[in-house]
Amino acid sequence: MIRELLRLRPGAEFTRSDAGELTLSAPPHAASLGPAGDAAYQALKLLADGPCDPAELPAAGPLLDRLRGGGWLVVDVATGDGPLYTLHPARPPEVVPRGGDAAQLVLSRFVVLHRDGDHMVAESPVAAYDVHIQEPALLAAFAALARPVPADGATLPLPAPVAARLLTDLRAAGLAVPAGGPEETELRLRQWSPFELWLHDRSRLGARAAATGRWGPTGWLEADFPPLPARPQPFGGPTVPLYRPDLAALRATDPTFTAVLEDRRSVREHDADHPLHVEQLGEFLYRCARVRGVAVLDGIEHLDRPFPSGGAVHELEIYPVVNRVTGLAPGLYHYDGHEHRLEAVSGDGPAVRRLLELAELATGATAPQVLLVVTARFGRLMTKYEGMGYAAILKDVGVLYQTMYGVATAMGLAPCGIGGGDAAVFNAATGRDYLTESVVGEFLLGSRPAAPDGRARHAPAGGAHDRDGAGQDGGAHAHDPAS
């Protein structure tokens with residue numbers, strides 16, 4: 001026999017006004033249940049103290065329907081032999097309409113199964129409920145749902161009452177969906193890969209984050225791990241001091257901000273006869289990414305750099321991969337923004353060649369002069385920001401790209417952001433641990449080719465470069481002049 005116990009979702013509170021109106025709240029969400037008598041008020045108190053048997057709640061029929069429909073109840077499902085699973089509300093039901101009756105159901109392709117403590121959890125970014133699985137035998141049913149099964153669950157490897165109830169709950173939650181239904185036929189669902197939709201959902205402040213409080217600058221790991229220093233561990237190689245431009249002079253001579261924005265283009269070709277000079281690379285890095293100051297707050301070193309960063313943590317590092325720069329030997333370097341210098345990491349070996357080859361493949365460029373590999377020291381940000389740390393890192397990469405584009409345009413250089421690359425090559429070349437520091441962006445830089453008339457070699461040029469102003473390249477459209 002299947003039985004269920006109910007309780008209010010964690011973090012939910014209720015109040016009753018002088019006029020008898022009941023209001024439920026779990027910030028940032030709230031709902032009015034309208035005027036209610038003492039029986040409904042007592043039922044809410046019992047649910048808040050729960051779990052409790054719905055049959056024992058006073059006059060709870062309509063109230064329970066509204067609570068279930070609003071995603072306010074945690075439901076424990078069990079048999080006489082023990083607990084089976086628990087339904088935890090993740091968001092109000094029917095965020096994604098699930099279609100009408102279906103003869104066959106399959107597991108949603110967005111479902112992820114993972115361990116949480118001593119049990120498994122099935123979650124989806126478009127599901128109304130998470131399912132916390134207490135009975136291990138249920139996992140066989142999830143595996144069986146990889147293929148379409150009858151909607152009554154008759155073929156699931158479970159006792160018939162358990163199979164029917166489980167499939168009903170999975171269907172209501174959105175974890176089981178119609179075979180051949182909207183997930184396969186509607187663009188709004190087909191356009192998402194599971195991991196991209198997961199990142200979008202979990203890195204935003206929504207019902208799930210509000211209910212758990214596990215989102216934002218919670219400092220969730222700071223009690224267990226000391227904050228990482230602002231400066232990474234040096235590689236110990238020779239260093240190259242870099243040119244420092246006169247910013248006061250640049251304020252007077254640089255193009256205007258509007259000119260830079262309007263002239264900005266992704267330029268994939270470099271001038272082989274006049275390659276980038278080490279002095280230009282130094283000016284570019286100084287204007288984009290030097291450390292202007294360090295301030296310690298609550299034991300964490302915060303940096304001031306020309307581009308913004310979430311929480312002023314500045315987890316990004318820049319590694320120039322030099323192919324051809326006048327005055328600088330080819331190889332892989334680390335940019336030390338504190339001292340404004342380059343630190344040699346490795347010479348012109350197979351890893352450097354491979355990184356440059358991947359940049360060529362991604363953009364269609366020929367013999368790029370410099371590839372700027374952007375990495376993140378994840379712990380700088382992720383020990384402070386919970387649930388949205390990686391999304392914040394990608395935002396920081398975006399503003400660094402825009403800063404690089406602007407500075408390169410002002411200097412008359414050829415910039416081009418790259419949409420992706422192989423992080424494993426970088427980690428093999430540097431010896432850095434993939435989970436500690438890895439690549440989150442790549443950017444090409446070089447001297448701008450001569451104009452068709454041979455004049456103004458360093459003037460910003462449009463031509464076939466980035467006509468629509470999109471700015472980043474991926475391999476799929478590397479040769480498209482409008483990218």
Side-chain angles (χ1 to χ4, degrees), residues 199-200 203-205 215-219 222 227-232 242 244-245 247 250-251 254-264 266 282-320 334-340 372-411 413 415-419 437-445 469-472:
L199 177 62
H200 176 61
S203 61
R204 308 296 300 176
L205 178 58
W215 189 90
T218 62
E222 291 175 357
L228 296 181
R231 301 185 71 166
L242 293 172
R244 296 172 180 260
L247 294 181
L250 288 173
R251 285 178 181 270
D254 251 2
T256 66
F257 181 66
T258 298
V260 167
L261 286 180
E262 295 302 313
D263 293 340
R264 196 265 332 141
S266 288
E283 177 178 336
F284 176 84
L285 291 171
Y286 187 87
R287 296 175 68 172
C288 288
R290 77 188 185 280
V291 175
R292 299 186 294 201
V294 181
V296 180
L297 179 64
D298 296 328
I300 300 174
E301 292 179 315
H302 297 79
L303 302 183
D304 175 18
R305 304 178 83 170
F307 66 96
S309 168
V313 170
H314 282 287
E315 74 287 351
L316 301 183
E317 299 289 333
I318 299 175
Y319 290 80
H334 171 250
Y335 174 59
D336 179 358
H338 293 262
E339 301 295 335
H340 187 54
L372 300 170
V373 175
V374 181
T375 71
R377 297 171 62 220
F378 301 111
R380 280 282 292 165
L381 196 73
M382 288 184 171
T383 55
K384 177 179 180 179
Y385 290 94
E386 187 174 4
M388 42 75 75
Y390 190 73
I393 289 171
L394 298 184
K395 293 178 175 68
D396 288 346
V397 174
V399 296
L400 175 58
Y401 272 24
Q402 178 70 352
T403 302
M404 288 177 165
Y405 266 113
V407 171
T409 301
M411 292 179 63
L413 302 178
C416 185
I418 304 178
E437 179 182 359
S438 194
V439 182
V440 290
E442 294 93 353
F443 196 94
L444 283 184
L445 186 70
Q472 286 193 42

Between E301 (side chain only) and A230 (backbone N and O only), is there a donor and an acceptor less than 3.5 Å apart?
yes

Any R305 side-chain heavy atom under 4.5 Å of C288 side chain:
no

Grab the two heavy atoms, one from A408 and one from L445, that are nearest each other, plus how far apart they are.
CB-CD1, 4.0 Å

Using salt bridge (charged side-chain N to carboxylate O under 4.0 Å, His left out) as the criterion, point out the one residue from R231, R290, R244 that pairs with E339.
R231

Tell me, with the steps shown, if E222 and T383 meet side chain to side chain donor-acceptor pair (under 3.5 Å).
CA-CA 6 Å; E222 291 175 357; T383 55; 5.0 Å; no

Between L303 and H338, is there a side-chain heavy-atom distance shorter than 4.5 Å?
yes

What is the distance from atom CG of L285 to atom CG of D336, rounded to the nearest 0.5 Å?
11.0 Å

Counting only N and O atoms by type, is there a donor-acceptor contact under 3.5 Å from the side chain of R377 to the main-chain atoms of P229?
yes

Stepwise, does the side chain to side chain contact (heavy atoms under 4.5 Å, CB included) test hold for Y319 with L372?
CA-CA 6 Å; Y319 290 80; L372 300 170; over 6 Å; no

Would T409 and M404 count as a side chain to side chain contact (heavy atoms under 4.5 Å, CB included) here? Give the steps.
CA-CA 8 Å; T409 301; M404 288 177 165; over 6 Å; no

Residues that D396 engages under side-chain contact (heavy atoms from CB on, under 4.5 Å), provided they are two or more places apart:
S309, E315, L316

Here the gap from K384 atom NZ to L228 atom CG, rounded to the nearest 0.5 Å, amounts to 13.5 Å

Let's go through V291 and D304 carefully: what are the C-alpha distance in whole Å and the side-chain angles of both, what is the deciding distance for side chain to side chain contact (heavy atoms under 4.5 Å, CB included) to 0.1 Å, and is it a yes or a no?
CA-CA 6 Å; V291 175; D304 175 18; over 6 Å; no

Could you tell me which residues satisfy side-chain contact (heavy atoms from CB on, under 4.5 Å) with A312, sequence neighbours excluded, listed by chain and number?
H302

More than 12 foreign heavy atoms under 6.0 Å from CZ of R251: is that the case here?
no

If you define the side chain from C-beta out and look only at heavy atoms, does anything of I318 sit under 4.5 Å from V373?
no

What residues, two or more places apart in sequence or in another chain, satisfy ring pair (Phe, Tyr, Trp, His ring centres under 6.0 Å) together with H340?
Y286, Y335

Check whether any side-chain heavy atom of L413 lies under 4.5 Å from a side-chain heavy atom of E283, and answer yes or no.
no

Of V374, T375, L400, the residue whose pairing with V440 passes side-chain contact (heavy atoms from CB on, under 4.5 Å)
V374

For the student: nearest non-hydrogen atoms of G299 and P227, plus distance:
O-CG, 3.3 Å

For H200, ring pair (Phe, Tyr, Trp, His ring centres under 6.0 Å) partners two or more places apart
W192

CG-CG distance between L394 and L199, expressed to the nearest 0.5 angstrom:
6.5 Å

Please determine whether side chain to side chain contact (heavy atoms under 4.5 Å, CB included) holds for the pair E442 and V439, giving the CA-CA distance in whole Å, both sets of side-chain angles, and the decisive distance to 0.1 Å.
CA-CA 8 Å; E442 294 93 353; V439 182; 3.2 Å; yes

Among residues at least two apart in sequence or on other chains, which ones pass side-chain contact (heavy atoms from CB on, under 4.5 Å) with M382?
F378, Y390, I393

Check side-chain contact (heavy atoms from CB on, under 4.5 Å) between D254 and all other residues, then give those that pass, not counting sequence neighbours.
L250, R287, A410

I need the L242 CG to F284 CZ distance, nearest 0.5 Å.
12.5 Å

Heavy-atom nearest pair, V399 first then F307, reads CG2-CD1, 4.3 Å

Shortest non-hydrogen contact between G311 and Y385, atoms and distance:
CA-OH, 3.2 Å

